[in-house]
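Worksheet: the structure to be examined is printed underneath.
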Number of protein chains: 2
Amino acid sequence: MELKKLADALKALGDPTRLKIIALLNMRDCCVCELVPIFGISQPAISKHLSRLKNADLVTENRKGQWVFYSLNRKQLHEIGLGLVNLPDCSAEFKKLEEQGLLVSCKED
Amino acid sequence: MELKKLADALKALGDPTRLKIIALLNMRDCCVCELVPIFGISQPAISKHLSRLKNADLVTENRKGQWVFYSLNRKQLHEIGLGLVNLPDCSAEFKKLEEQGLLVSCKED
DNA sequence: TATTGATATAACCATATGGTCATATTAGTA
DNA sequence: TACTAATATGACCATATGGTTATATCAATA
C-alpha cells in the first residue's frame, strides 16, 4: 500500500473511540444503536466515527431493515499489517448490552 | 497495551512524514540533519515529528557528539502489533543523500 | 573564548479533529 | 398516510495538529 493511504488508515485507527469500535467489531458485527450506549457520546458522533472508518476501508456497512450493521474489513487490516491480538477483550460490553436488552440480535428474534 | 496508549501510538504513526521516518529508520539509524533534506520541510518540523515519535515510545534517541541519532524501538512496534513489511523501500533516499555527501556516516570517517 | 554546526523550543497561524445540537433521510408499522 | 425508530448530515465550537520563523541550547573547534 502506498504511504499516504497507509498513514490515513493508521490515523483513522489512532483514536480511542474508533479503536474500541474496531475491537468490538472484531468480536461481532454491530449496528450504530448498539455502539451508542457503549460509549458516552452522541449518536451522530458514533456515526461520524464509523464514516471515518469506512472511508479508510477499515469497515463495511450492511443495511438490514432499519439497522445498518458494520463489519470489520479484515483484508484491509491485514494489508496494513496490523494484528488484532493486542486489542482489548470486549465481552463485558456485550454482556452489559444483553442485560439491558439493547442487543439488536434480541429484538430481531 | 491499554487502549488509550495503543491509540496514541497509532495516531503518531498516522502521518505520512512520521511514517516515512519510521520506514527510513527501519533501514538504518538517522540523525536529524539527514532527515531534513529528504523531506521538503524545516528542521524544527522534523524535530517535532521525532519528538512526537519519541513520546509514543516508537523511537529512541542517542547523542553522538553534535548529532542526535534516532533508532526504531522495534519492541514497541511489535507490542503495537504493526508489521513493517508494508513500509516502502527507502534505498533511493539514502542513495541520494550519499551522492550529495549528506550522510553523516561519511563525515564521521 | 568566540564561532560554527546541529538540535530543540517558543510563538504563531491555518486547517483538521472530535464533540455538540438540530434536522434530514430512510425503513418499518399503526 | 402518519408516526416512530435508526441513521446520516449540516452548522457550529473548542482544541489539536503540522507547518512556519526566530531564538535558545549544546557540542566541537579555531
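Chain letters run A, B, ... following the sequence lines, proteins first, then strands; residues in each count from 1. Predicted model only: the values in this text are computed from it and were never measured. Just so it is clear, the values below take in all heavy atoms, side chains as well, and ignore hydrogens, waters and symmetry mates.
For D:dT17, neither phosphate oxygen OP1 nor OP2 lies less than 4.0 angstrom from any side-chain nitrogen or oxygen of B:Arg18. Contact check, B:Tyr70 against C:dA8: a side-chain N or O comes under 4.0 Å of OP1 or OP2. Of the side-chain N and O atoms in B:Arg52, one or more sit less than 4.0 angstrom from OP1 or OP2 of D:dG18. Contact annotation: B:Ser42 side-chain N/O to D:dG19 OP1/OP2 distance is not under 4.0 Å. Residue A:Lys11 has a polar side-chain atom (N or O) positioned under 4.0 Å from OP1 or OP2 of C:dT17.
In this structure, A:Gln66 places its CD atom 15 Å from C1' of D:dA8, rounding to the nearest Å. In this structure, A:Gln43 places its CD atom 18 Å from P of D:dT4, rounding to the nearest Å. For B:Lys48 and D:dG19, the NZ to P distance is 9 Å, given to the nearest whole Å. When the P atom of C:dG18 is taken as reference, atom CG of B:Asp8 falls 12 Å away, rounded to whole Å. Atom CD1 in B:Ile21 sits about 13 Å away from atom P in C:dT7, given to the nearest Å. Nucleotide D:dA6 holds its C1' atom 16 Å from the NZ atom of A:Lys64, rounded to whole Å. Distance, B:Leu50 CG to C:dA6 C1': 13 Å, rounded to whole Å. Regarding B:Trp67, its CH2 atom lies at a distance of 9 Å from the C1' atom of D:dA28, rounded to whole Å.
If you check every strand for non-hydrogen atoms under 4.0 Å, A:Lys54 touches nothing. Within the 4.0 angstrom heavy-atom criterion, no nucleotide atom of any strand lies near A:Ser51. Contacts of B:Phe39 with the nucleic acid, taken as non-hydrogen atoms under 4.0 Å apart, are absent.
Between the side chains of A:Asp29 and A:Ser71, at least one donor N or O sits under 3.5 Å from an acceptor N or O.
Closest contact between the side chain of B:Ser47 and the listed nucleotides C:dG19, C:dA27, C:dT7 involves C:dT7. The side chain of B:Pro44 lies closest to C:dT9 when the candidates are C:dT9, C:dA22, C:dA27. When the nucleotides C:dA8, C:dT20, C:dG18 are ranked by their closest atom to the side chain of B:Glu61, C:dA8 comes out on top. For A:Asp15, the listed nucleotide lying nearest its side chain is C:dG18; candidates were C:dG19, D:dA27, C:dG18.
Counting only distance, with no hydrogens or angles, the side chain of B:Arg74 and the backbone of B:Asn26 share a donor-acceptor pair below 3.5 Å. A donor-acceptor pair under 3.5 Å links the side-chain atoms of B:Glu34 to the main chain of B:Val104, judged by distance alone. Under a 3.5 Å cut-off, the side chain of A:Arg18 and the backbone N or O of A:His49 do not form any donor-acceptor pair.
When each of A:Ile41 and A:Gly65 is assigned the nucleotide of DNA chain C with its nearest heavy atom, A:Ile41 is the one assigned upstream, toward the 5' end.
Here the closest heavy-atom approach between residue B:Glu93 and residue B:Leu24 is recorded as CB-CD2, 4.1 Å.
A salt bridge between B:Lys5 and B:Asp57 is present, with a side-chain N of the basic residue lying under 4.0 Å from a carboxylate O of the acidic one.
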